[in-house]
Amino acid sequence: MKILFASFEASPFAKAGGLGDVAGSLPAALNSVGADVRLFMPKYKIIPPQLLKDAEFLFSTEINIGGINKYAGLFRLVRNGVTVYLLDNEEYFGGDGIYGYGESGAEQSVFFCRTLCELIPRLGFAPEIVHCNDWQTSLILPMLRYHYPHLGLRTVLTIHNLQYQGIFSSERMKYLTGLPDEAFSVGCLEFYGAANLLKGGIVCADKVNTVSPTYARETLTAAYGEKLEGVLASKGTGYFGIINGLDYKVFHPRTDPHIPENYSFMRLEGKNACRRALASQFGLNADGIPIAAVISRLVNQKGLDLLSGCIENLIRDGKCALIVLGSGDPAYERFFSDLSRRYPGRAAVWIGYNAELANRIYAGSDIFLMPSRFEPCGLSQLIAMKYGSVPLVRETGGLFDTVSSYNSETGKGTGFTFAPYSSEALEYTLRRAVRYYTERPDVWKKLMVRCMKKDFSWKASAEKYLEMYSSLV
């Protein structure tokens with residue numbers, strides 16, 4: 001089967017979040033189980049030049065956006081066995097980031113989607129399926145329906161986070177896209193008087209999936225559906241969840257070049273060396289107590305209101321140390337920065353993001369905190385488990401699907417979990433984890449090893465995507 005995989009980000013070229021990891025590894029995993037998946041993404045200015053040294057210029061053309069012809073150049077390269085098409089336009093992709101915002105985000109999305117549809121006949125590759133990801137590429141689906149039905153393509157849309165939908169003025173979108181009035185009706189893009197690109201994609205896609213079975217069920221409810229629960233429900237069995245996988249060529253403590261010492265579940269000495277190095281780097285005095293870690297966007301979705309409501313109690317009581325890596329809401333940045341100043345040796349923060357530092361934190365921490373309000377899948381808990389940092393998560397979305405709570409009677413489980421969305425529930429669960437770390441090192445070691453043995457590689461998930469593709473062709 002031939003699949004064109006459309007994404008605004010893909011590691012290692014350009015990455016802003018979990019979508020970048022998925023788009024960077026899923027196509028290769030699908031190719032390994034018999035598909036021919038090719039990636040179509042923007043050629044951003046921020047892509048490291050060494051990744052483009054083998055890029056071949058194919059052709060250029062002009063694409064009409066709102067009555068104005070825009071330059072579109074296409075490059076091609078092969079990485080990890082995956083053919084990657086890179087769409088060039090400095091106006092839309094020549095900035096210092098990935099995504100445009102407001103009206104610039106709308107026009108950026110229209111240009112990308114319109115150009116992909118226009119260029120399909122010229123790729124020298126005849127896809128049977130176009131696989132879109134999130135709202136930025138969702139407009140491809142109404143365009144294929146209304147402007148390019150002659151291509152006869154089947155379509156898939158993957159929702160990585162339903163909260164982000166791409167909502168713009170209907171008049172502006174009519175002007176930019178040239179789509180007929182029918183496309184802006186309640187049966188497609190119309191959404192409370194505006195145009196919702198994700199909604200249009202959901203309606204027009206042959207299959208829609210999200211990135212974990214539990215999140216798929218949750219988004220059919222008013223609590224998690226972001227006002228699209230009815231639209232998702234209308235897809236019936238055409239809407240479901242497939243858990244994300246992890247690329248262990250990138251995330252594995254046995255081979256990671258960025259951590260102080262490599263290790264595995266069969267040789268844990270390196271884990272202790274990584275812990276000592278992390279404590280030394282950030283001046284943490286964590287002898288006899290666990291180092292708890294947060295690597296996250298500092299936003300409400302991640303449950304940081306819960307954490308800020310209880311973590312000082314544990315630090316003040318000398319129960320654990322804390323290290324935070326991330327950026328986002330200024331209020332959370334201030335909270336964790338103030339915490340590190342008030343409790344030197346017990347709390348540390350790095351505002352921003354550093355991929356190599358993130359891996360050192362996974363390797364050097366003992367407990368990994370993800371008390372999310374909602375979590376479509378989450379990759380951080382999967383990485384943490386592989387590195388032997390025991391996850392403590394709230395029972396929602398992909399966290400519920402991937403982390404099972406430790407049961408002292410059976411000895412089973414891969415972490416610590418709680419359900420109520422409250423600081424009290426989080427604090428109780430964290431204190432429980434701390435007791436096992438400090439009082440039962442034999443149990444903790446078994447828990448670490450069990451986490452590290454878990455296999456969340458892409459193989460099983462890729463086969464489920466392959467089954468979905470097969471049902472369409």
Side-chain angles (χ1 to χ4, degrees), residues 18 21 211-215 243-246 248 251-253 263 265 268 271 274-275 278 289-297 301-304 306-307 310-311 314 319-326 358-408 411-421 425-438 440 443-457:
D21 288 314
V211 288
S212 73
T214 296
Y215 187 61
I243 197 78
N244 277 341
L246 196 62
Y248 288 133
F251 299 107
H252 203 301
Y263 61 95
F265 68 82
L268 289 171
K271 172 77 174 173
C274 291
R275 188 182 192 277
L278 184 68
I289 59 173
I291 298 175
V294 173
I295 301 174
S296 173
R297 288 180 294 115
Q301 177 205 329
K302 300 301 182 177
L304 298 182
L306 305 189
L307 187 61
C310 70
I311 191 62
L314 285 101
K319 296 298 183 182
C320 71
L322 176 72
I323 183 165
V324 175
L325 170 63
N359 285 22
R360 293 198 293 273
I361 293 173
Y362 286 123
S365 60
D366 303 297
I367 299 172
F368 192 81
L369 301 173
M370 285 187 76
S372 302
R373 182 183 298 271
F374 68 93
E375 195 65 59
C377 176
L379 294 177
S380 293
Q381 82 279 12
L382 306 184
I383 302 170
M385 280 193 271
K386 182 54 68 176
Y387 283 74
S389 185
V390 176
L392 189 161
V393 306
R394 183 166 170 267
E395 296 170 3
T396 185
L399 301 177
F400 180 80
D401 291 331
T402 56
V403 180
S404 56
S405 188
Y406 175 69
N407 185 315
S408 59
K412 296 181 178 179
T414 54
F416 298 88
T417 71
F418 67 100
Y421 193 78
L426 171 56
E427 181 173 351
Y428 174 85
T429 307
L430 183 51
R431 288 184 181 274
R432 177 175 181 246
V434 168
R435 283 197 302 272
Y436 277 105
Y437 179 89
T438 56
R440 295 294 306 275
V443 170
W444 194 266
K445 182 177 180 180
K446 291 177 181 177
L447 190 53
M448 283 175 52
V449 169
R450 195 176 302 118
C451 286
M452 295 177 75
K453 284 184 172 180
K454 291 291 288 184
D455 183 6
F456 291 104
S457 63

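In what follows, every heavy atom counts, from backbone to side chain, and hydrogens, waters and symmetry copies are set aside. Predicted model, so just to flag it, every value in this text is computed and none were measured. Counting begins at 1 with the first residue of the sequence.
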Validation row: Q301, F374 side chains within 4.5 angstrom (heavy atoms)
yes
So how far is it from S372 OG to E395 CD, rounded to the nearest 0.5 Å?
12.5 Å
About how many Å separate CG of L314 and CZ of R431, when rounded to the nearest 0.5 Å?
4.0 Å
In this structure, NZ of K319 is separated from CZ of R435 (nearest 0.5 Å) by 8.5 Å
If you look at every heavy atom in T402 and M385, which pair is closest and at what distance?
O-CE, 3.5 Å
Quick check: closest heavy atoms across G364 and R275, and the distance to 0.1 Å?
O-CG, 3.3 Å
Heavy-atom donor-acceptor pair, K453 side chain to M448 backbone, under 3.5 Å:
no
Would a distance-only check, ignoring hydrogens and angles, find a side-chain to backbone donor-acceptor pair under 3.5 Å from K386 to M452?
yes
Note, I367 side chain near C320 side chain (heavy atom, < 4.5 Å)
no
To the nearest 0.5 Å, atom CD of E375 lies from atom OG of S380 at 7.5 Å
Donor-acceptor under 3.5 Å (T438 side chain, I289 main chain)
no
Could you check if a side-chain atom of S404 sits within less than 4.5 angstrom of a side-chain atom of K454, using non-hydrogen atoms only?
no
Under 3.5 Å, is there a donor-acceptor pair between the side chain of R450 and the main chain of G413?
yes
Does D455 reach the side chain of Y248, with side-chain heavy atoms less than 4.5 Å apart?
yes
Any side-chain heavy-atom pair of F400 and T417 under 4.5 Å
no
Pair V390-Y436, side-chain contact (heavy atoms from CB on, under 4.5 Å): steps then yes or no
CA-CA 11 Å; V390 176; Y436 277 105; over 6 Å; no
Does R394 reach the main-chain N or O of A419 with its side chain, forming a donor-acceptor pair under 3.5 Å?
yes
Tightest non-hydrogen contact, residues I295 and A358, listed as CD1-O, 3.5 Å
Output field: ring centroids F418/Y428 closer than 6.0 Å
no
Is the closest side-chain heavy-atom distance between L447 and F416 below 4.5 Å?
yes
Which heavy atom in P391 sits nearest to a heavy atom in C451, and how many Å separate them?
CD-SG, 3.9 Å
Would you compute the distance between atom OG of S389 and atom CG of D366 and round it to the nearest 0.5 angstrom?
6.5 Å
Looking at A363, is its backbone amide N or carbonyl O close enough to the side chain of K271 to form a donor-acceptor pair, meaning the two atoms are under 3.5 Å apart?
yes
So do the side chains of Y387 and N359 get within less than 4.5 Å of each other, counting heavy atoms only?
yes
Side-chain heavy-atom pair P371, L392 within 4.5 angstrom cut-off:
no
Donor-acceptor pair, distance only, cut-off 3.5 Å: does the side chain of D401 make one with the backbone of T214?
yes
Would you say the ring centers of W444 and Y437 fall short of 6.0 Å from each other?
yes
Nearest non-hydrogen partners of G245 and L379, listed with the distance
O-CD2, 3.6 Å
Separation between CG (L369) and CD (Q381), nearest 0.5 Å, reads 12.5 Å
State, to 0.1 Å, how close M370 and G378 come at their nearest heavy-atom pair, and which atoms those are.
CE-CA, 4.5 Å
